[in-house]
Amino acid sequence: MGQETEGENSSYPLDELLPVGCELKTKGYQTATIICDRIYVVEGSSDGANFPIDVKIFDKTAGKWFVPTVLGTKPIASRVHSAVFLSNDRILIIKGDSSADDCAWFLEVDTQFVRERKKLLGGEVVAWSKGVIGNKTKPVVISGPSGVGKGTLISRLMKDFPNTFGFSVSHTTRSPREKEIDGVHYHFAEREMMEKDIREGKFLESALVHGNLYGTSFEAVEAVTDAGKRCILDIDVQGARSVRCSSLEALFIFICPPSFEELEKRLRVRGTETEEQIQKRLRNAKEEIDQGRSPGLFDHILVNDNIDTCYETLKKLLALDDVADACSQPSSKGFTIPADHSVPKADQKILVHCGTAASGQACPNLLVFDISSLKGGAPGRTRGLSVWTNS
Ligand code: 5GP
């Protein structure tokens with residue numbers, strides 16, 4: 001049971017594409033998309049069971065099946081889906097029985113991000129990126145030496161604009177401070193476990209900072225985007241450099257102290273570190289400030305000599321001056337992709353002809369997915385998808 005699509009738009013039953021002895025044992029509904037010498041089989045659920053969509057690759061040249069390393073949050077399988085060949089680097093999966101905020105997923109098979117990760121991890125790699133309707137603004141990376149006031153600036157943004165911003169909760173191997181809550185301020189992790197997750201490609205970036213491991217998981221960034229908010233990452237300069245080199249588009253802001261003496265004073269006043277830790281953080285601050293000022297890394301450098309003035313400048317940079325906190329956009333645009341739909345592609349538009357929604361809900365006869373202005377992609381969401389309906 002399933003559907004086959006190909007770059008050149010011809011279609012054959014999957015069995016006919018496979019040499020004898022290479023048949024696939026399937027759990028449920030499947031689509032097969034041919035890109036060059038590979039067949040990408042995306043497998044759904046036969047009985048509506050709640051498990052992630054599976055991906056398998058058949059290499060026609062080698063005559064073998066591969067189970068790739070799958071990066072990014074995986075979509076939950078639906079009973080039926082459609083696979084649309086977009087280009088040699090990605091396939092659009094449209095899930096049946098799904099609402100607008102869960103219907104479009106991109107399976108990246110040869111994007112810059114996938115190629116980078118292939119080099120790093122070896123073997124076959126694919127990545128999922130959820131399609132987000134509309135154009136959510138880029139994540140904001142905020143860096144600066146310990147004690148410079150990043151935390152205060154971010155807390156103010158989150159307090160004044162709770163519907164606009166969401167904080168990317170990092171993982172760290174350092175011990176929690178008094179009043180720090182696991183899952184809110186950080187995910188406090190065992191070193192071995194975190195190192196394993198990094199090796200398995202679950203992190204956008206990670207770095208050794210002041211003797212502890214810190215890192216941003218893909219899941220942390222995606223959780224914020226899924227809530228319809230702009231993601232703020234509080235990470236050190238090494239992390240900012242890694243994100244800059246990745247395919248995540250972001251705005252990079254570096255916060256500088258007015259002087260080194262002032263930084264030392266602030267670190268002591270906050271009283272959260274031992275003298276030994278303060279000394280270590282001060283030694284690292286010199287290097288961080290030099291790195292932060294290096295050309296091409298940060299888009300903006302702000303000097304925090306007065307927290308109120310610095311906050312006003314930050315708001316201006318983020319185009320927030322005189323702007324009320326926007327209510328987060330409702331993610332569902334009030335339609336559901338029914339299980340029985342057909343999907344032709346016309347230039348940059350995918351036309352979804354709908355049957356009846358299995359849920360019994362009213363659904364339009366035609367949905368048009370416009371993919372002409374896509375932005376972003378794994379790691380993170382694919383933004384800029386437009387959808388029109390005829391109702
Ligand atoms: P703290 O221990 O004071 O919370 O953080 C120490 C440093 O680690 C800060 O400069 C902070 O920006 C940085 N940091 C926090 N989370 C991350 C992360 O996920 N990745 C990286 N690279 N640095 C982080």
Side-chain angles (χ1 to χ4, degrees), residues 139-155 157-158 165-191 193-195 197-198 201-224 231-246 248 250-257 260 263-264 266-293 297-298 301-302 304 310 314 379-380:
V140 186
V141 170
I142 300 188
S143 293
S146 194
V148 76
K150 285 170 298 180
T152 311
L153 291 167
I154 293 171
S155 303
L157 276 181
M158 301 284 294
F165 293 104
F167 185 63
S168 154
V169 181
S170 294
H171 281 63
T172 180
T173 58
R174 85 150 160 74
S175 319
R177 293 180 189 135
E178 219 185 284
K179 297 199 184 143
E180 278 185 333
I181 303 167
D182 190 27
V184 174
H185 299 95
Y186 280 106
H187 297 289
F188 294 100
E190 294 294 326
R191 187 153 191 149
M193 197 58 201
M194 191 168 161
E195 283 174 343
D197 286 348
I198 292 170
K202 294 184 183 162
F203 279 75
L204 166 63
E205 63 78 32
S206 61
L208 205 56
V209 189
H210 316 313
N212 287 300
L213 197 53
Y214 292 76
T216 309
S217 68
F218 291 113
E219 218 178 305
V221 178
E222 289 175 354
V224 177
C231 187
I232 301 186
L233 289 87
D234 169 355
I235 57 178
D236 86 320
V237 178
Q238 307 168 71
R241 202 178 284 285
S242 305
V243 176
R244 181 62 104 179
C245 293
S246 81
L248 182 80
L251 181 73
F252 293 79
I253 300 173
F254 187 72
I255 315 287
C256 249
F260 202 71
L263 183 71
E264 178 165 1
R266 287 183 195 170
L267 255 181
R268 290 190 188 285
V269 168
R270 92 176 180 187
T272 48
E273 279 81 24
T274 62
E275 180 57 30
E276 194 190 336
Q277 287 165 337
I278 290 176
Q279 290 305 330
K280 190 183 259 180
R281 283 177 181 238
L282 285 173
R283 277 195 303 277
N284 294 343
K286 287 208 166 81
E287 172 70 18
E288 280 208 76
I289 294 170
D290 285 349
Q291 293 275 329
R293 289 196 166 125
L297 180 51
F298 288 93
I301 298 181
L302 302 187
N304 180 15
C310 189
L314 178 63

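Index from 1, following the sequence. Please read these numbers as outputs of a predicted model, since none were measured by experiment. Both backbone and side-chain heavy atoms feed into the values below; hydrogens, waters and symmetry mates do not. Both ligands and their constituent atoms are indexed starting at 1 by order of listing.
- For the residues I235, D236, I255, the heavy atom positioned nearest atom 22 (N) of ligand 1 is part of D236.
- Between the side chain of R191 and the backbone N or O of T173, no donor-acceptor pair lies under 3.5 Å.
- With no hydrogens or angles considered, no side-chain donor-acceptor pair links S143 and R241 at under 3.5 Å.
- Of the protein's heavy atoms, Y214 OH, 2.5 Å lies nearest to atom 2 (O) of ligand 1.
- At under 3.5 Å, not a single nitrogen or oxygen of E288, backbone or side chain, sits near a nitrogen or oxygen of ligand 1.
- Residues V237 and F254 are in side-chain contact: their nearest non-hydrogen atoms beyond the backbone lie under 4.5 Å apart.
- The side-chain contact (heavy atoms from CB on, under 4.5 Å) test with T216 is passed by exactly one of L233, D234, V243: L233.
- On a distance-only criterion, S206 and ligand 1 share no N/O pair closer than 3.5 Å.
- Listed by number with element, the atoms of ligand 1 under 4.0 Å from a non-hydrogen atom of V209 are 7 (C), 8 (O).
- There is no side-chain donor-acceptor pair under 3.5 Å between T172 and R174.
- Between I142 and L153, the closest side-chain pair of non-hydrogen atoms is not below 4.5 Å.
- Taking the side chain as every heavy atom from C-beta outward, V148 and L263 approach each other to under 4.5 Å.
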Start with the C-alpha gap between K280 and E276, add the side-chain angles, then the distance that decides, and say whether salt bridge (Lys or Arg N to Asp or Glu O under 4.0 Å) holds. CA-CA 6 Å; K280 190 183 259 180; E276 194 190 336; 5.9 Å; no

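- Contacts between R281 and ligand 1, counted as non-hydrogen atom pairs separated by less than 4.0 Å, involve the side chain only.
- Considering backbone and side-chain atoms alike, E180 places every N or O at 3.5 Å or more from each N or O of ligand 1.
- Distances between N or O atoms of E205 and those of ligand 1 include at least one value under 3.5 Å.
- Only the side chain of R174 comes within 4.0 Å of ligand 1, counting heavy atoms alone; its backbone N, CA, C and O stay farther away.
- Taking a cut-off of under 4.0 Å to the non-hydrogen atoms of G239, the atoms of ligand 1 that pass are 22 (N).
- Contact annotation: for K150 versus ligand 1, heavy atoms closer than 4.0 Å belong to the side chain alone.
- Under 4.0 angstrom from ligand 1, there are no non-hydrogen atoms of Q238.
- Residue D234 touches ligand 1 through backbone and side chain together, judged by heavy-atom distances below 4.0 Å.
- In terms of N/O distances under 3.5 Å, ligand 1 is not approached by A207.
- Using a 4.5 Å cut-off on side-chain heavy atoms (C-beta onward), D236 and Y214 make no contact.
- Protein heavy atom nearest atom 5 (O) of ligand 1, with residue, atom name and distance: Y186 OH, 3.3 Å.
- Contacts of R177 with ligand 1, taken as heavy-atom pairs under 4.0 Å, involve the side chain alone.
- Proximity of C256 to I289: side-chain heavy atoms (C-beta onward) are separated by under 4.5 Å at one or more points.
- Counting protein heavy atoms only, atom 19 (O) of ligand 1 is closest to S170 OG, 2.6 Å.
- You'll find the side chain of S217 stays beyond 4.5 Å of the side chain of D197, heavy atoms only.
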